[in-house]
Peer 1: 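To start, I am sharing the structure in question, which I have written as structure tokens.
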4 protein chains.
Amino acid sequence: MAQILDASAVVFARSGFEKATTIAIAAEAGISPGSLYQFFANKEAIAQALADRFVAQLRLAHQEAFDEARFTSLPLDGLLDRMVDPIVAFNIANPGFKALFARTDMPAGLADAARPVQAALLARVEAMIAARAPELPAGDRTRTALVGIQIFQAMVPLVVAAEGEERAAMVRELKRALHGYLADAIA
Amino acid sequence: MAQILDASAVVFARSGFEKATTIAIAAEAGISPGSLYQFFANKEAIAQALADRFVAQLRLAHQEAFDEARFTSLPLDGLLDRMVDPIVAFNIANPGFKALFARTDMPAGLADAARPVQAALLARVEAMIAARAPELPAGDRTRTALVGIQIFQAMVPLVVAAEGEERAAMVRELKRALHGYLADAIA
Amino acid sequence: MAQILDASAVVFARSGFEKATTIAIAAEAGISPGSLYQFFANKEAIAQALADRFVAQLRLAHQEAFDEARFTSLPLDGLLDRMVDPIVAFNIANPGFKALFARTDMPAGLADAARPVQAALLARVEAMIAARAPELPAGDRTRTALVGIQIFQAMVPLVVAAEGEERAAMVRELKRALHGYLADAIA
Amino acid sequence: MAQILDASAVVFARSGFEKATTIAIAAEAGISPGSLYQFFANKEAIAQALADRFVAQLRLAHQEAFDEARFTSLPLDGLLDRMVDPIVAFNIANPGFKALFARTDMPAGLADAARPVQAALLARVEAMIAARAPELPAGDRTRTALVGIQIFQAMVPLVVAAEGEERAAMVRELKRALHGYLADAIA
DNA sequence: CATGAATGAGGGTTCATTCAT
DNA sequence: GATGAATGAACCCTCATTCAT
């Protein structure tokens, strides 16, 4: 039920995964606690499903950015714009996303849920790097992608927490950080 | 009681802040749960005190790196070595540190505890930036320091999780990321 | 609805009365949980109705055995064969029966449901005893019938659990036990 | 804690194992639900411990009866008196005992707890049979012991439920049943 | 001052039952 | 009449915190 996932996103955003209670999610969704379990086996499964939905939504929102045709035709700056802006926008629009994924310690139940998201992102970034630096060994390519994603994830809370002009400035810094790192790593 | 803080660091490292139980901390410290509360008002206060101790320890370990005399005399590479290496070493030596601080979602109690650490670090990095780019407006300087620290924190789990040569490679990437960002931001 | 009772017998046999869920019964019956309550007021009522049906089926299966004309014309051995064999066969054919009746601790709802079965059996056994030992006071007769039934019920799980030759041996022991008791009690 | 086991015996006797709630046990014991778990891992463990205590108590109460020297020196009647009376007395004094052991369908958690009791009883009865009928094959001996115990267990509720003279009558019938079965089976 | 058993609110989850469709 | 999602009380269990000893 989309309404439950919406509610869980709100509650996860507000309280984090472990502090979020099924009662709070149910209340936010306007249903009873028992009803949660008609759709999801347990709290973990809710997070899983929410993660899956995020993956799908993100794939859509991110589609154009990852038009592979542009991986080499665009200057790095332009490419970063296309990659970063939609994910930043997605994070701002979906506060629950960060609560589930932008964390360094994954509770058992979440680690499984988060893996697909991270794997999807990783694959895209790796593809991009491969296109621009074909001679880079696979190990280095993966590591570079991993580091790039990590930098990105780390910046998300700073961007989301900021507002107005400060947020725009943070996005600029984020791009600058990625540009600085990738220009050096890929060159 | 240092012994309690040692124990809490171990348990936080093992279980994370929210999953850590006061009973586990007491057991690890070899005392009774009740005794915990003779020294600390609650679980949060333990994290606070542990944070404070980390700040002090880190200050020592980091002392030399922040010998301000070298802020301008050293090339950026050398400066980064002096700043990054001790903190990386500190993180590897103190797994509890990362459990408390390298997280993007701070439970209420931890946010307060983490602030002093971050403030201390921020001050140092700001001072370094000020020395190397005196003309940078204060707002930009703070933001640049914040971003640099954030990148650093994000990389810590990657570095700590890796081992041997892969860890060394991760440290190189971390420095490359910081170098790329700061060279651009400060110049 | 016979189909519901069939399903409940299966589920009671599989899970026992208290662990059986109405959803499982409905699923087994191929209907929705709600439909259960169009035919039965509650879970207890299902057990009641199943019990009633068991009584009726048992009466049929047991008919010939209780041909009263033979109560006195047959030796005790032959009579026991006629009484025991069909009930044993019935228990083997209807695993749900034992789940409801062969238990020493009756939950409130089941006690009521079981009473008719026991009453029907009791009446028959009492009649048999009365025929063979007319001079036995009514109180003793009832008690003797009760004990005989209890012995029988206690043996059912042993018989049903056994297989092949061991089951046949258990049936022999059951008859031996009943014979030993009744020969003494009635004589 | 003996007080918890006492309370659990009371509650198990009143409600049976599955209907018994930890809250009820705690209330009966005059403690809080949480305290239960300082001594027992879960509801099952309480039943286990209660079972173990019953085994120990029963062993004591039953000691003299199973003085092996008397297995052959006594007439069957006298032997049955010595075996049956203490267990009947024990069952009357400990209503919780029957709630845990005198049942034909054992929930997973209880089966493990009940096994030792049944095994202990079985061993004793087998030893008795072996003493009186040494030529009986081992398989028959076990089966005979099993059936004897089953008859006994089945009668316990009848005996316990009865009162005064009726209870005495029930005990007589129980012994008569055992005597009838064993005299025949052993001879 | 240390202890550790006791607390009890609150967590996730189940399931007999209801009722709008 | 049939449905099956919705209900919500009640279950078992956890754990930060307290307090009599």
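Residue numbers begin at 1 in each chain, while the letters A, B, ... track the order of the sequences.
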Peer 1: May I have all residue pairs that pass side-chain hydrogen bond (donor to acceptor under 3.5 Å, both in side chains) and include part of residues 1-11 of chain C, sequence neighbours excluded?
Peer 2: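 Of all non-adjacent pairs touching residues 1-11 of chain C, those that pass side-chain hydrogen bond (donor to acceptor under 3.5 Å, both in side chains) are C/Asp6-C/Arg53.
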Peer 1: Send over the distance from D/Phe40 CZ to F/dC13 P, rounded to a whole Å.
Peer 2: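 For the pair D/Phe40 CZ and F/dC13 P, the rounded distance is 13 Å.
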Peer 1: When you check every protein heavy atom under 4.0 Å of nucleotides 13-21 of chain E, what one-letter string (B, S, -) results, 5' to 3'?
Peer 2: BBBBBB---
Peer 1: Using the closest heavy atom to pick a nucleotide of DNA chain F for each, name whichever of C/Met1 or A/Leu36 lands nearer the 5' end.
Peer 2: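 Result of the comparison: C/Met1.
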Peer 1: Could you give the distance from OG1 (B/Thr22) to CG (B/Asn42), rounded to the nearest 0.5 Å?
Peer 2: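 B/Thr22 OG1 to B/Asn42 CG: 10.5 Å, rounded to 0.5 Å.
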Peer 1: Could you grab the distance from atom CD1 of A/Ile23 to atom CG of A/Leu36, nearest 0.5 Å is fine?
Peer 2: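 A/Ile23 atom CD1 to A/Leu36 atom CG measures 10.5 Å (nearest 0.5 Å).
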Peer 1: Hey, does the side chain of B/Ser32 come within less than 4.0 Å of E/dG4's phosphate (OP1/OP2), counting only N and O?
Peer 2: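 Answer is no, no contact under 4.0 Å.
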Peer 1: Ring pair (Phe, Tyr, Trp, His ring centres under 6.0 Å) with A/Phe40: which residues, sequence neighbours excluded?
Peer 2: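 If we apply the ring pair (Phe, Tyr, Trp, His ring centres under 6.0 Å) test to A/Phe40, skipping adjacent residues, there are no hits.
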Peer 1: Among all residues two or more places apart in sequence or in another chain, which pass the salt bridge (Lys or Arg N to Asp or Glu O under 4.0 Å) test with C/Arg14?
Peer 2: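 In terms of salt bridge (Lys or Arg N to Asp or Glu O under 4.0 Å), with neighbours along the sequence ignored, C/Arg14 is linked to C/Glu28.
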Peer 1: Is the shortest side-chain heavy-atom distance between C/Ile46 and C/Phe39 below 4.5 Å?
Peer 2: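 Answer no - side chains too far apart.
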Peer 1: How does DNA chain E read in dot-bracket, base by base from 5' to 3', with Watson-Crick or G-U pairs under 3.5 Å and | used when the partner is on another strand?
Peer 2: .||||||||||||||||||||
Peer 1: With A/Phe54, which residues qualify under ring pair (Phe, Tyr, Trp, His ring centres under 6.0 Å), at least two apart?
Peer 2: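 Scan of A/Phe54 (ring pair (Phe, Tyr, Trp, His ring centres under 6.0 Å), adjacent residues dropped) gives A/Phe90, A/Phe97.
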Peer 1: Mind calculating the distance between CD1 (A/Ile25) and C1' (F/dG8) to the nearest angstrom?
Peer 2: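 After rounding, the reported distance stands at 18 Å.
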Peer 1: Just how far, in rounded Å, is P of F/dA5 from CD1 of A/Ile4?
Peer 2: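 Distance, rounded to whole Å: 11 Å.
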Peer 1: For the backbone of D/Ala20 and the side chain of D/Lys43, can you confirm whether one donor and one acceptor N or O come within less than 3.5 Å of each other?
Peer 2: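 Checking the backbone N and O of D/Ala20 against the side chain of D/Lys43, a donor-acceptor pair under 3.5 Å is found.
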